[in-house]
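Let me begin by presenting the structure, written as structure tokens, before commenting on it.
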Amino acid sequence: GKEGPYVHISSCVASLLCQLPFFKRLNSDEDLRRQVLAAGCAAGVSATFGAPVGGVIFSIEVTSTYYSVSHMWKAMFTSVCGSLVFRISRDRGAPCYR
């Protein structure tokens, strides 16, 4: 569907962010890296549909065999930010989208 490219792009951005020197700790720990990728996936779905809760539920369903409840608020925050950035950029974007 239409969420596929957004999920892929946001997961790629999350993976690239993990490789930056500032986030070296995230890249060295496999569990943290998976949580970042799950949050990126949630941001992609929420940017597509404008539904942050749906993005978090989708990322739990698709990306993980187990999911730590303590990391859910991080994925929710990422989803809300992704949805807001998408809406702001869409609203202030090219005149054909208005």
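Just so it is clear, the model here is predicted, and its values are computed rather than measured. Heavy atoms only: backbone and side chains are in, while hydrogens, waters and symmetry mates are out.
- At a threshold of 4.5 Å between side-chain heavy atoms, the hydrophobic network of Ile, Leu, Val, Met, Phe, Trp and Tyr places F58 and F49 in one connected group.
- Here the closest heavy-atom approach between residue A75 and residue A39 is recorded as CA-CB, 4.1 Å.
- Contacts classified as salt bridge (charged side-chain N to carboxylate O under 4.0 Å, His left out) and involving residues 31-50 (residues at least two apart or in different chains) are given here: E30-R34.
- Placement of M72 and F77 in two distinct hydrophobic clusters is found when ILVMFWY residues are connected by side-chain heavy-atom separations under 4.5 Å, directly or transitively.
- Listed for the T48 side chain is a donor-acceptor partner under 3.5 Å among the backbone atoms of G44.
- Residue pairs meeting the ring pair (Phe, Tyr, Trp, His ring centres under 6.0 Å) criterion with at least one member in residues 1-43, sequence neighbours excluded: Y6-F86.
- Side chains of V80 and S46 form no contact here, defined as non-hydrogen atoms less than 4.5 Å apart.
- Closest approach of A43 and S79 over heavy atoms only: N-OG, 3.9 Å.
- In this structure, CG in L32 is found 8.5 Å from SG in C18, a value given to the nearest 0.5 Å.
- In terms of heavy-atom proximity, G40 sits nearest to A14 at CA-CB, 4.3 Å.
- Under the 3.5 Å distance criterion, the side-chain polar atoms of S15 are left unmatched by any main-chain donor or acceptor of S11.
- Shown here for G50 and S83, the closest heavy-atom pair between the two residues is CA-OG, 3.7 Å.
- When the side chains of ILVMFWY residues are joined at heavy-atom separations under 4.5 Å, either directly or via intervening members, V13 and V45 end up in two distinct hydrophobic clusters.
- A distance of 10.5 Å separates SG of C41 from CD1 of I60, quoted to the nearest 0.5 Å.
- Both V53 and V56 sit in one connected hydrophobic cluster of ILVMFWY residues. Membership requires side-chain heavy atoms under 4.5 Å apart, directly or through other members.
- The line from SG of C12 to CG of L17 is 11.5 Å long, rounded to the nearest 0.5 Å.
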